[in-house]
Amino acid sequence: MSKEPIPLVAADISVFARSLKQQLREGEALPSHLSLMNMLARAAGFRNYQHMRAARAAEGRLAVDALPEVADYRLVERTLNQFDGAGCLLRWPSRRPVQELCLWAMWAVVPPARHLQERDVNAALNAAHVFGDAASLRRSLFGMGLVSRKRDGSDYLRVEKSPPVEAREVIRRLKARRQATAVQRQTA
């Protein structure tokens, strides 16, 4: 047996005691050490002592903090250079990694959880870019799997995914730019 302490937590001591009492009644003689440990584990909601031990060990392994995600800020900077001060995409970038981050930024302006017609998607994209090619942006979003559509090209729906860390940073900074521009327009 392991000498490593295993904490025993019972959500309700009354239910725990009742379960333990019932298990002790079932046996005629005094239970062995292992039988008593199994009874305690079952009273706490586990199948047996080994199950409780394995669950606590897994909890300890999962409690270790995962490595923090580190963004490639040079790529974020290159991507943000494609946008103006108001958060609008100025030109289509030539580098594929920058294109993908720009598409994530366009994905963020498409309303979530709403079925949209092509004109609605175009309107959202036109508000976020200035080079006048919403069709290419729309097709690229579909090609990257960020929006879905019916086979005939109607009924668009934003696909909810977790953006990569760089995309989250670009989206956050562009949102701040857009909000600052909106505030400036209101005060002017």
Side-chain angles (χ1 to χ4, degrees), residues 9 11 45-46 51 54-188:
V9 178
F46 297 95
H51 178 223
R56 296 297 180 211
E59 182 180 24
R61 287 190 303 271
L62 293 175
V64 175
D65 291 335
L67 293 176
E69 292 181 298
V70 179
D72 179 357
Y73 285 101
R74 181 69 184 128
L75 181 58
V76 170
E77 182 181 43
R78 286 181 182 148
T79 303
L80 290 172
N81 287 338
Q82 306 299 315
F83 293 85
D84 64 9
C88 289
L89 184 61
L90 296 170
R91 59 195 158 275
W92 186 241
S94 58
R95 297 185 67 229
R96 181 69 183 167
V98 176
Q99 288 175 358
E100 289 179 2
L101 290 182
C102 287
L103 286 173
W104 277 106
M106 295 296 107
W107 169 84
V109 300
V110 175
R114 283 189 38 211
H115 292 274
L116 304 167
Q117 295 300 314
E118 185 176 299
R119 67 178 173 273
D120 301 324
V121 176
N122 286 346
L125 295 175
N126 283 330
H129 83 285
V130 296
F131 56 90
D133 196 1
S136 290
L137 291 172
R138 196 181 62 247
R139 285 191 294 269
S140 297
L141 284 169
F142 177 74
M144 200 168 148
L146 298 178
V147 296
S148 63
R149 66 179 181 206
K150 285 188 177 176
R151 192 171 178 92
D152 64 356
S154 66
D155 196 30
Y156 285 82
L157 181 66
R158 183 173 110 169
V159 176
E160 295 306 315
K161 294 182 176 184
S162 179
V165 65
E166 290 87 2
R168 288 194 302 265
E169 187 65 23
V170 167
I171 292 167
R172 184 183 68 78
R173 290 175 184 261
L174 289 174
K175 183 178 179 182
R177 284 185 190 182
R178 290 178 184 129
Q179 287 174 345
T181 302
V183 168
Q184 287 175 351
R185 287 181 182 154
Q186 288 176 351
T187 58

Atom pair [atom1]/[atom2] of [X] and [Y] - distance to nearest 0.5 Å:
X      : Y      : atom1 : atom2 : answer
Glu100 : Leu75  : CD    : CG    : 9.5 Å
Asp120 : Arg114 : CG    : CZ    : 7.0 Å
Phe83  : Leu101 : CZ    : CG    : 9.0 Å
Leu90  : Asp84  : CG    : CG    : 5.0 Å
His129 : Asn126 : NE2   : CG    : 5.0 Å
Glu166 : Arg74  : CD    : CZ    : 13.5 Å

Please find the pair of heavy atoms, one from [X] and one from [Y], that lie closest to each other, and give the distance.
X      : Y      : answer
Val159 : Trp107 : O-NE1, 2.9 Å
Ile171 : Ala105 : CG1-CA, 4.2 Å
Gly87  : Arg178 : O-NH2, 2.7 Å
Ala127 : Cys88  : O-SG, 3.6 Å
Met144 : Lys161 : O-NZ, 3.8 Å
Ala108 : Arg158 : O-NH1, 3.6 Å

Can you tell if the side chain of [X] reaches within under 4.5 Å of the side chain of [Y], non-hydrogen atoms only?
X      : Y      : answer
Pro111 : Leu116 : yes
Arg138 : Tyr156 : yes
Arg96  : Gln99  : yes
Val110 : Leu157 : no
Ser162 : Arg168 : yes

Check: Between Arg149 and Phe142, is NZ or CZ placed under 6.0 angstrom from the six-membered ring centre and within 45° of the ring axis?
Finding: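 Yes, Arg149 sits over the ring of Phe142.
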When you look at Leu137 and Asn122, which way does the side-chain contact (heavy atoms from CB on, under 4.5 Å) test go after all the steps?
CA-CA 9 Å; Leu137 291 172; Asn122 286 346; over 6 Å; no
**Prompt:** Quick check: does any side chain N or O of Arg91 sit under 3.5 Å from a backbone N or O of Phe131, one acting as donor and the other as acceptor?
**Reply:**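 Absent.
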- Message: Checking Arg172 against Lys175 for the side-chain contact (heavy atoms from CB on, under 4.5 Å) test, could you report, in this order, the C-alpha distance in whole Å, the side-chain angles of both residues, the deciding distance, and whether it holds?
- Response: CA-CA 5 Å; Arg172 184 183 68 78; Lys175 183 178 179 182; 5.8 Å; no
*Plane angle bin for His51 and Phe46 - parallel if under 30°, tilted between 30 and 60°, otherwise perpendicular*: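 Rings of Phe46 and His51: perpendicular, as their planes differ by over 60°.
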- Task: Decide yes or no on side-chain contact (heavy atoms from CB on, under 4.5 Å) for Ser154 and Gln117, but give the supporting numbers first.
- Result: CA-CA 6 Å; Ser154 66; Gln117 295 300 314; 4.2 Å; yes
Q. Quick one: ring pair (Phe, Tyr, Trp, His ring centres under 6.0 Å) partners of His115, sequence neighbours excluded?
A.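 Counting only residues at least two positions away or on another chain, His115 forms no ring pair (Phe, Tyr, Trp, His ring centres under 6.0 Å).
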